[in-house]
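Worksheet: one structure, shown below.
Side-chain atoms are counted along with the backbone in the values below, which use heavy atoms only and exclude waters and symmetry mates. The shown structure was predicted, so the numbers you read here are calculated from the model rather than taken from an experiment. Order of appearance sets the numbers: ligands from 1, and atoms from 1 within every ligand.
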Amino acid sequence: MRLIIMGPPGAGKGTQAAFIAQRYEIPAVSTGDIFRANVSQGTPLGLEAQRYMDAGEYVPDEVTNSMVRNRIAEEDARGGFLLDGYPRTVAQVAELDGMLADAGLELDAAVVLTVDRDVIVERLLHRATIEGRADDTEEVIRRRQEVYEEQTAPLVDLYRGRGLLVEVDGLGEVDEVTQRVFAAIDGATGR
Ligand code: ADP
């Protein structure tokens, strides 16, 4: 199974990605997590990414694309994968299309979690008090929402046009949302 999961910052992508990965026995590849790991290890990639992340901006496509290309070429992703947080721009979609075509593969579904804007900002501010992520200040949260609207929201229509979109209401208890996500993926992929 090859899946992507999208949704505005705070929609619960990372949480649901972990459950999806477990159920379909595929690795969850989170570009945000990979960037954060690089930042905390102080790698050159981390140093490059950090200034964008701290400002709520997207890391440049060239950096992100080659990182994903390398990651999905790894052994554990051979049988499938779930991309969490990639693609996030129209240019990244084209790049992913190329990666998949090179390997003779196709996406099975593009899951999008839909959530009300006010709920999201509240969740992120709450998370800031718990996890202390550097990009969870109110100003940066607002900027991340804007960037999502401008650059990533258009991908919803793009994948809908390809008949791959699986829209799931992300509001409610985590468990409820997970059950909705599983049912929607199973329905869309005929599992
Ligand atoms: P969220 O979805 O809550 O914004 P993520 O953990 O997915 O958080 O991403 C955190 C940050 O990492 C983003 O704001 C961005 O700077 C960077 N990032 C993650 N994925 C990508 C991507 N595909 N392209 C560009 N930047 C990315």
Close N/O pairs between ligand 1 and protein, under 3.5 Å:
unit_1	atom_1	unit_2	atom_2	d
ligand 1	2 (O)	K13	NZ	2.6
ligand 1	2 (O)	R88	NH2	3.0
ligand 1	3 (O)	R144	NH2	2.8
ligand 1	4 (O)	R88	NH2	3.4
ligand 1	4 (O)	R144	NE	3.3
ligand 1	4 (O)	R144	NH2	3.2
ligand 1	6 (O)	R36	NH1	2.8
ligand 1	6 (O)	R36	NH2	2.9
ligand 1	7 (O)	R88	NH1	3.3
ligand 1	7 (O)	R88	NH2	3.1
ligand 1	8 (O)	R133	NH2	3.3
ligand 1	16 (O)	E57	O	2.7
ligand 1	20 (N)	T31	OG1	2.7
ligand 1	20 (N)	G85	O	3.3
ligand 1	20 (N)	R88	NH1	2.9
ligand 1	23 (N)	G85	O	2.8
ligand 1	23 (N)	Q92	OE1	3.0
ligand 1	24 (N)	Q92	NE2	2.9
ligand 1	26 (N)	V59	N	3.0

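The backbone N or O of A11 lies less than 3.5 Å from a partner atom in the side chain of R123, making a donor-acceptor pair. Between the D108 side chain and the L3 main chain, no donor and acceptor come within less than 3.5 Å of each other.
Scanning all heavy atoms of the two residues, the minimum distance from L155 to T89 falls at CD1-C, 3.7 Å. Summarising the geometry of K13 relative to L113, their closest heavy-atom pair is N-CD1, 3.8 Å, with the distance given to 0.1 Å. Nearest heavy atoms, Q145 versus P8: OE1-CB, 4.1 Å. In this structure, L125 and D136 approach most closely via the heavy-atom pair CD2-O, 4.5 Å.
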